[in-house]
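Notes to accompany the following structure.
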Number of protein chains: 2
Amino acid sequence: MNEEQWLEELLKFSGEDGKFSEKQLKILEAAIEMFAEKGYAATSTSEIAKRAGVAEGTIFRHYKTKKDLLLAIVTPTLLQSVAPFLAKEFAKEVFEHQYEHYEDFVRALWKNRYAFVKKYLPAIRVFWQEIAFHDEIQKQLKTVFTLHVYDKFANIVRHFQEKGEIEDIPVETVIRLTVTTIAGFFATRFIIMPDYVWDDEAEMERTIQFLMNGLRKKDA
Amino acid sequence: MNEEQWLEELLKFSGEDGKFSEKQLKILEAAIEMFAEKGYAATSTSEIAKRAGVAEGTIFRHYKTKKDLLLAIVTPTLLQSVAPFLAKEFAKEVFEHQYEHYEDFVRALWKNRYAFVKKYLPAIRVFWQEIAFHDEIQKQLKTVFTLHVYDKFANIVRHFQEKGEIEDIPVETVIRLTVTTIAGFFATRFIIMPDYVWDDEAEMERTIQFLMNGLRKKDA
DNA sequence: ATAAAATGTGAGTGAGTACTCACTTGAAAA
DNA sequence: TTTTCAAGTGAGTACTCACTCACATTTTAT
């Protein structure tokens, strides 16, 4: 019918079970676009209403406050961001040796998150721009990370450390280096220099080589 | 007299030659604090005036608009951020082999920028939070980077590639990996997880080892 | 068919908003 | 001493903000 499928997919994680009216989706779409462009604080509800083709009151029928509207965007985005770690099959996949090497795991993660970033870029922008200013979002991130991401990630790292594949440095450090290397590419690629001419495949290859060489265990 | 020396040092790069009244410094200090906490758009000039202990009109005596006040903070911060590359001695230092290895250069850069980040953290926060929303800041960054940073950095990288120290991958990629590795640490250390218990020296050591192993030329 | 509930509307409201301007102050220049 | 002028003031201005509410329309339940 319309081309807001990506939005409805994003909202899979919203709690409210799929009951979104046309106008409500229009509101969310407009809000994501405008928050991404000008920021939450600089975007007025009247502007959102206008862009969504909706009366201002309709926004407040669905969201008690402007901040509620923000959270309705940011919470699903956070959950989609760490979606691989929320999936039940995920840890299993890794430990039933579907990935023989840490590099295979990193590659799978990369491809998966690359597709995600391309698809939801505006919502991701909103998330990272506003997290600095809103305690609720910061707390959400901390909770989700410690509850659903950290342990699984740490187990994977330890697994490959025991296999002697990667250096015996603290798992926190391995996680940090892995995440910032991948996120550093995405940030440069999509936010800082989106207009530069990128050869994504080649750059992924170089970056993963860099990461693996950096983490690989040196023979004693 | 007061403890705003850091501010006056930041403003060395402001163009207006050191002529800052007491009240003007108070305004800048208050603005940096509040912009860092709540963001530019969510901070009102009346709040800034109140925190600075100044009448609201005084702000507009010194800065025609609120955005001018923002730029008076952001521009010096940008310039201080890339200060090592602005210094004349810098390129010389590198090419007269004051640094024998790329690692020495990275170490020098790290220590220097670590001190900088610790000192000016709130101003840096403002810079990175607002760059997303203001074209003028984006343009400034692009100009400064291409004009003063990129060429020097690229020459250094090429120098050590010719020496056979680091892998023959595009200089842009080497720069990106170096910068995001260092910046990734600073972001995690000071912004994302400032409350975590950090052993800064050890973490620097691990990160630099990671970086050098990642970039080191593999013998054919 | 009818009641009831959910969804949508837009003029209205009071609390700000960035910015102005006529005026005061204090210190240096004449 | 008198003049000049930058620095500082705060009430005032036109306007925008998030949010409300009485009412209209559409959807669902009975």
Side-chain angles (χ1 to χ4, degrees), chain A residues 1-2 4 7-8 11 14-32 34-35 37-74 126 130 133-134 136, chain B residues 1-2 4 7-8 11 14-32 34-35 37-74 126 130 133-134 136:
Chain A
M1 208 70 77
N2 47 25
E4 279 130 12
L7 222 189
E8 289 187 272
L11 297 169
S14 69
E16 304 175 37
D17 331 315
K19 298 164 187 186
F20 292 97
S21 70
E22 285 286 313
K23 304 232 167 185
Q24 193 171 4
L25 285 174
K26 281 283 179 196
I27 289 167
L28 287 165
E29 195 189 5
I32 290 173
M34 307 200 65
F35 288 166
E37 270 171 42
K38 326 197 316 166
Y40 168 78
T43 305
S44 69
T45 49
S46 73
E47 288 176 293
I48 296 170
K50 193 178 280 179
R51 162 110 47 136
V54 148
E56 203 174 347
T58 308
I59 294 175
F60 292 95
R61 170 86 35 203
H62 292 289
Y63 305 99
K64 276 168 43 127
T65 64
K66 189 187 169 193
K67 179 160 269 182
D68 278 359
L69 172 58
L70 174 66
L71 293 177
I73 291 164
V74 151
V126 175
E130 297 307 327
F133 305 131
H134 308 273
E136 315 91 318
Chain B
M1 207 69 78
N2 49 24
E4 280 130 13
L7 221 190
E8 290 186 272
L11 297 170
S14 69
E16 305 175 34
D17 330 317
K19 297 164 186 183
F20 292 96
S21 70
E22 285 285 313
K23 304 230 165 187
Q24 193 171 3
L25 285 173
K26 281 282 179 197
I27 290 168
L28 287 165
E29 196 189 5
I32 289 173
M34 307 200 67
F35 288 165
E37 270 172 42
K38 325 198 312 165
Y40 167 78
T43 305
S44 69
T45 50
S46 73
E47 288 176 293
I48 296 170
K50 194 178 278 179
R51 161 110 48 134
V54 146
E56 201 174 347
T58 308
I59 294 175
F60 292 95
R61 171 87 30 204
H62 292 289
Y63 305 98
K64 278 168 40 125
T65 65
K66 190 187 167 194
K67 179 158 269 180
D68 278 358
L69 171 59
L70 174 66
L71 293 177
I73 291 164
V74 151
V126 175
E130 298 306 327
F133 306 130
H134 308 273
E136 316 90 319

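Only a predicted model underlies this, so the values are computations on that prediction, with no experimental measurement involved.
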Interface with DNA chain C, restricted to residues 64-74 of chain B and to heavy atoms under 4.0 Å: B:T65, B:K66

Whole angstrom is fine here: how far is it from CD in A:Q24 over to P in D:dT26? 19 Å

Could you list by number each residue of residues 50-59 of chain B showing a heavy-atom separation from DNA chain C of less than 4.0 Å, or answer none if no residue does? B:E56

Could you check how far NZ of A:K26 sits from C1' of C:dG8, rounded to whole Å? 16 Å

Might you point out which heavy atoms bring A:K66 and A:F35 nearest each other, and give the distance in Å? CE-CE2, 4.5 Å

Once you round it to whole Å, what is the distance between P of D:dC17 and NZ of A:K38? 8 Å

Distance-only criterion, 3.5 Å: show the donor-acceptor pairs between side-chain atoms of residues 50-59 of chain A and protein atoms not counting sequence neighbours.
residue, atom, partner, partner atom, Å
A:R51, NH1, A:E33, OE1, 2.5
A:E56, OE2, A:T45, OG1, 2.8
A:T58, OG1, A:A55, O, 3.3

Calculate the interatomic distance between A:E22 atom CD and C:dT9 atom P; express it in whole Å. 13 Å

Out of C:dT7, D:dG8, D:dA18, whichever nucleotide has its closest atom nearest the side chain of A:F60: D:dA18

With a 4.0 Å cutoff (strictly under), does any side-chain N or O of A:H62 reach OP1 or OP2 of C:dA6? no

Kindly give the heavy-atom pair with the smallest separation between B:T43 and B:M34, and that separation in Å. OG1-O, 3.4 Å

In this structure, how many angstroms lie between the C1' atom of C:dA15 and the CD atom of B:E47, rounded? 13 Å

May I ask you to evaluate whether B:S46 reaches the phosphate of C:dA18, defined as a side-chain N or O under 4.0 Å from OP1 or OP2? no

How many angstroms lie between CG in B:L69 and NE2 in B:H62, if you round to the nearest 0.5 Å? 11.0 Å

Length of the CZ-P vector between A:F20 and C:dA6, whole Å: 17 Å

Ignoring hydrogens, what is the shortest heavy-atom contact between B:I48 and B:I27? Give both atom names and the distance. CG2-O, 4.0 Å

Hey, does A:S44 reach any base, or is it just sugar-phosphate, or nothing, if we go heavy atoms under 4.0 Å? sugar-phosphate

Taken to the nearest 0.5 Å, the spacing of B:E37 CD from B:E47 CD works out to 10.0 Å

Short side-chain N/O contact from A:S21 to OP1 or OP2 of C:dT7, under 4.0 Å: no

Got a second to check how far B:D68's CG is from B:I73's CD1, nearest 0.5 Å? 11.5 Å

So which atom in A:Y40 and which in A:E130 form the shortest heavy-atom distance, rounded to 0.1 Å? N-OE2, 3.0 Å

Any idea which of D:dT20, D:dT9, C:dT9 is nearest the B:R61 side chain? D:dT9

Which pair of non-hydrogen atoms, one from B:Y63 and one from B:Q24, has the smallest distance, and what is that distance? OH-NE2, 3.2 Å

